[in-house]
Amino acid sequence: MKKIEAIIKPYKLSEVQERLNEIEVRGMTVTEVKGYGRQKGHTELYRGAEYSVDFLPKVKIEVVAPEEKVEQTVEAILKGAHTGSIGDGKIFVMAVEETIRIRTGERGKEAI
């Protein structure tokens with residue numbers, strides 16, 4: 001099993017969710033986050049004064065997938081989140097040692 005974390009632009013969330021639904025990914029966790037990468041924020045003008053916005057609003061999606069569905073899940077996120085402009089985000093894939101469904105006690109793939 002792998003945990004796939006993606007940091008994306010907030011307005012791309014519904015498109016990513018649609019693409020994940022198409023490949024039958026049944027669960028995900030979404031968190032509103034703030035951060036920056038290479039772009040290091042930007043400046044905005046407010047009431048005539050320029051100020052720096054260091055942390056940009058992003059959305060973090062977390063999905064746990066069985067080994068055989070990881071590449072398909074990553075591709076769905078890539079296609080749904082891609083705009084081609086700076087700040088599209090990142091995807092991280094990491095190993096998951098164990099998954100346990102609290103309600104039933106199921107373990108492994110059955111618990112996803």
Tell me whether [X] contacts the main-chain N or O of [Y] through its side chain, where contact means a donor paired with an acceptor under 3.5 Å.
| X | Y | result |
| --- | --- | --- |
| K58 | G87 | yes |
| T104 | E106 | yes |
| D88 | H82 | no |

Problem - Closest approach of G80 to V16 (non-hydrogen atoms, all atoms of both residues) - result: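 In terms of heavy atoms, the two residues are closest at C-CG2, 3.6 Å.
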Completion exercise
In terms of heavy-atom contacts, A76 and I23 come closest through CB-CD1, 3.9 Å
[Y] and [X], any side-chain heavy atoms less than 4.5 Å apart:
| X | Y | answer |
| --- | --- | --- |
| I4 | V70 | yes |
| I61 | T29 | no |
| V64 | K2 | no |

Exercise for the section: Determine, step by step, whether V59 and Y11 satisfy the side-chain contact (heavy atoms from CB on, under 4.5 Å) criterion, reporting the C-alpha distance in whole Å, the side-chain angles of both residues, the deciding distance to 0.1 Å, and the verdict. Expected result: CA-CA 9 Å; V59 171; Y11 69 90; over 6 Å; no
Exercise for the section: Would you check, one step at a time, whether the test side-chain contact (heavy atoms from CB on, under 4.5 Å) holds for M1 with I112? Expected result: CA-CA 9 Å; M1 287 177 292; I112 295 179; 3.7 Å; yes
ILVMFWY network linking [X] to [Y], side-chain heavy atoms under 4.5 angstrom:
| X | Y | answer |
| --- | --- | --- |
| I8 | L56 | no |
| L78 | I7 | no |
| V25 | V93 | yes |

Could you give the distance from [atom1] ([X]) to [atom2] ([Y]), rounded to the nearest 0.5 Å?
| X | Y | atom1 | atom2 | answer |
| --- | --- | --- | --- | --- |
| E32 | L13 | CD | CG | 9.0 Å |
| R107 | I100 | CZ | CD1 | 3.5 Å |
| Q17 | K12 | CD | NZ | 13.5 Å |

Practice task
State whether R101 and E110 are salt-bridged, where the test is any N-O pair (Lys NZ or Arg NE/NH1/NH2 against Asp/Glu carboxylate O) under 4.0 Å.
Solution key: no
Practice task
Using a cut-off of 6.0 Å, state whether more than 12 heavy atoms not belonging to E98 lie near its atom CD.
Solution key: yes
Exercise for the section: Begin from the C-alpha positions of M28 and V30 and carry the test side-chain contact (heavy atoms from CB on, under 4.5 Å) through to its verdict. Expected result: CA-CA 7 Å; M28 71 172 155; V30 177; 4.2 Å; yes
Handout entry: Residue pairs involving residues 62-76 (criterion side chain to side chain donor-acceptor pair (under 3.5 Å); sequence neighbours excluded)
Key = K3-E62, E68-K109
